[in-house]
Amino acid sequence: MKYVDEFRDRSLAEKLLAEIGRTVTHPWVIMEVCGGQTHSIVKYGIDRLLPEAVELVHGPGCPVCVTSLELIDRAHALARRPDVIFCSFGDMLRVPGSAGDLFQIKAQGGDVRVVYSPLDCLKLARENPARQVVFFAIGFETTAPANAMAVWQAKAQAIGNFSVLVSHVTVPPAIVGILESPGNRVQAFLGAGHVCAVMGWTEYEPLAERYRVPIVVTGFEPIDLLEGILMAVRQLEQGRAEVENQYARAVGRGGNAEARKMILRVFEPCDRAWRGIGMIPGSGYRLREEFAGYDAARRFELDEIVSHEPEVCIAGLVLQGAKKPNDCPAFGNACTPLTPLGATMVSAEGACAAYYNYGRHLDS
């Protein structure tokens, strides 16, 4: 398949690995930001093929994983209401809250539905005028345009029984949080190609300059990642700190101008709590006051939410790149995809899920 097979070419991968080996002279720690990158890295064993001097650590780029437990519990409370049709992408259904998940709520009679686009919710709202349709709007900048469009269309079409529970997060403030954390080891980043396809990479340029850290935008196939790692290692070895774009076939410096306009038309920046990490200033989106009537957090009165994280779970440290999944004492025994303690074990982009799915819980 064009644009896939050639980016999985074994001989080319071997050449890139050899070039990385010839280039590296010092130990370096590189973080891949996105969970999609993590899954490719673990699936193809890229981290184990690299020279010992190059260490990859996993970042917080899984929106399901970083959605705060308090917000997940709020979503579950809404999903239990008999007057609500609660809609979500499928990857949120197994994410554990303080007491169960959306699958269990559905089994108990809650009207929980999987949708493939937030625009599907507008059709549901028109078809069910006596009920409230709530969409769980999570994601990084990649899903923000479609979610913004759904709210904008709901207002334009005067659909009054639709609202969104917003948990949007953004990448640049998370990078700042990692770089400014006391125990930070990260010396370079692999930026998420799909985020930059929307936003471009201009927001990363002042970060690279201020913190003297290379940032290389990459795709998600093995050759993308290996080439991105080589570009990052070259910068580190040469003492450069720039933003480079490996993913030129999909990403431009300015991103998608129309998508960015839609985001800014509906959303505005806000502080956001990240699960396992805490509050990161300016790291989220919330609805602008013009669209406040479509904010489910304002529309519904809920009892006080008291959330409880499992003490043994180290997902927060995994998301910060401080630990890896198999450092967790619960990984692969108390915590599995069938009995998850944290979102990183069940999300399609979670690092713990990647380690488990590709057999690293079997390592001796």
Side-chain angles (χ1 to χ4, degrees), residues 32-43 58-76 78-79 85-107 110-121 124 133-147 150 164-171 174 192-195 198 220 272-277 284-285 296 309 313 315-316 318-319 325 335-358:
E32 82 275 2
V33 172
C34 174
Q37 293 168 320
T38 302
H39 273 252
S40 289
I41 286 166
V42 177
K43 176 180 179 179
H58 317 308
C62 165
V64 173
C65 303
V66 301
T67 299
S68 73
L69 182 57
E70 187 273 337
L71 198 59
I72 290 170
D73 287 343
R74 186 176 294 274
H76 291 181
L78 288 171
I85 299 173
F86 192 84
C87 300
S88 171
F89 294 140
D91 52 3
M92 288 303 299
L93 268 65
R94 290 293 317 283
V95 175
S98 296
D101 57 33
L102 286 170
F103 265 131
Q104 292 171 326
I105 293 170
K106 183 176 178 65
D111 194 345
V112 177
R113 307 191 190 187
V114 174
V115 294
Y116 296 95
S117 165
L119 297 175
D120 295 341
C121 300
L124 273 174
V133 176
V134 179
F135 177 66
F136 201 2
I138 73 155
F140 281 90
E141 296 95 328
T142 44
T143 56
N147 293 343
V164 292
L165 184 64
V166 180
S167 180
H168 273 297
V169 287
T170 57
V171 173
H194 51 5
V195 171
V198 174
F220 302 90
R272 178 71 68 194
W274 296 49
R275 187 170 188 174
I277 298 175
Y285 289 136
E309 287 276 13
C313 180
V318 173
L319 291 166
C335 183
T336 71
L338 293 178
T339 58
L341 297 180
T344 49
M345 181 54 86
V346 291
S347 169
E349 294 189 353
C352 298
Y355 273 55
Y356 192 94
N357 291 344
Y358 300 112

Taking all heavy atoms of Gly316 and all of Ile277, pick out the closest pair and write down the distance. O-CG1, 4.3 Å
Val95/Ile72 under side-chain contact (heavy atoms from CB on, under 4.5 Å): CA gap, chis, key distance, verdict: CA-CA 8 Å; Val95 175; Ile72 290 170; 3.5 Å; yes
Under 3.5 Å, is there a donor-acceptor pair between the side chain of Ser347 and the main chain of Ala353? no
Partner residues of Arg94 under the side chain to side chain donor-acceptor pair (under 3.5 Å) criterion, sequence neighbours left out: none
So, do Cys87 and Asp120 sit near enough that their side-chain heavy atoms are less than 4.5 Å apart? no
Rounded at 0.5 Å granularity, tell me how far CG in Leu71 sits from CZ in Arg272. 6.5 Å
Verify ring-ring contact (aromatic ring centres under 6.0 Å, His included) between Tyr285 and Phe140, making sure each step is shown before the conclusion. CA-CA 9 Å; Tyr285 289 136; Phe140 281 90; over 10 Å; no
Side chain to side chain contact (heavy atoms under 4.5 Å, CB included) with Thr344: of Thr38, Val66, Leu319, only one passes, and it is Leu319
Are any side-chain N or O atoms of Glu349 and backbone N or O atoms of Val64, one a donor and one an acceptor, separated by less than 3.5 Å? no
Sub-3.5 Å donor-acceptor pair from the side chain of His76 to the main-chain atoms of Ala99, do we have one? no
Donor-acceptor check, side chain of His58 to backbone of Gln37, threshold 3.5 angstrom: yes or no? no
Using the salt bridge (Lys or Arg N to Asp or Glu O under 4.0 Å) criterion, which residues pair with Arg275? Sequence neighbours excluded. Glu309
Between OG of Ser117 and CZ of Phe135, what distance do you get to the nearest 0.5 Å? 7.5 Å
Could you measure the distance from the CG atom of Asn147 to the CG atom of Leu119? Nearest 0.5 Å is fine. 9.0 Å
Working to the nearest 0.5 angstrom, can you tell me the gap between Ser167 OG and Trp274 CH2? 9.5 Å
Can you check whether His194 reaches Cys34 side chain to side chain, under 4.5 Å on heavy atoms? yes
At their closest point, which heavy atom of Cys313 faces which heavy atom of Gly342, and how far apart are they? SG-CA, 4.1 Å
Taking only residues two or more places apart in sequence or in another chain, which ones pass side-chain contact (heavy atoms from CB on, under 4.5 Å) with Ser98? Leu69, Asp73, Ser307, His308
Which residues pass the side-chain contact (heavy atoms from CB on, under 4.5 Å) test with Ala79, not counting sequence neighbours? Phe86, Leu102, Ile105, Val112
Cys335: which residues meet the side-chain contact (heavy atoms from CB on, under 4.5 Å) condition with it, sequence neighbours left out? Ala330, Leu341, Met345
Mind listing the closest non-hydrogen atom pair of Cys62 and Gly350 along with its distance? SG-N, 4.0 Å
Heavy-atom closest pair, residues Glu141 and Pro145: O-CD, 3.1 Å
Pairwise distance CG(Leu124) to CZ(Arg113) - rounded to 0.5 angstrom: 5.0 Å
Inter-residue atom distance His39.NE2 - Phe220.CZ, 0.5 Å rounding: 12.0 Å
At their closest point, which heavy atom of Leu165 faces which heavy atom of Ala296, and how far apart are they? N-CB, 4.0 Å
Set of residues satisfying ring-ring contact (aromatic ring centres under 6.0 Å, His included) with respect to His168, sequence neighbours excluded: Phe267
Could you pull out the closest heavy-atom pair between Val198 and Thr142, with the gap in Å? CG2-CA, 4.2 Å
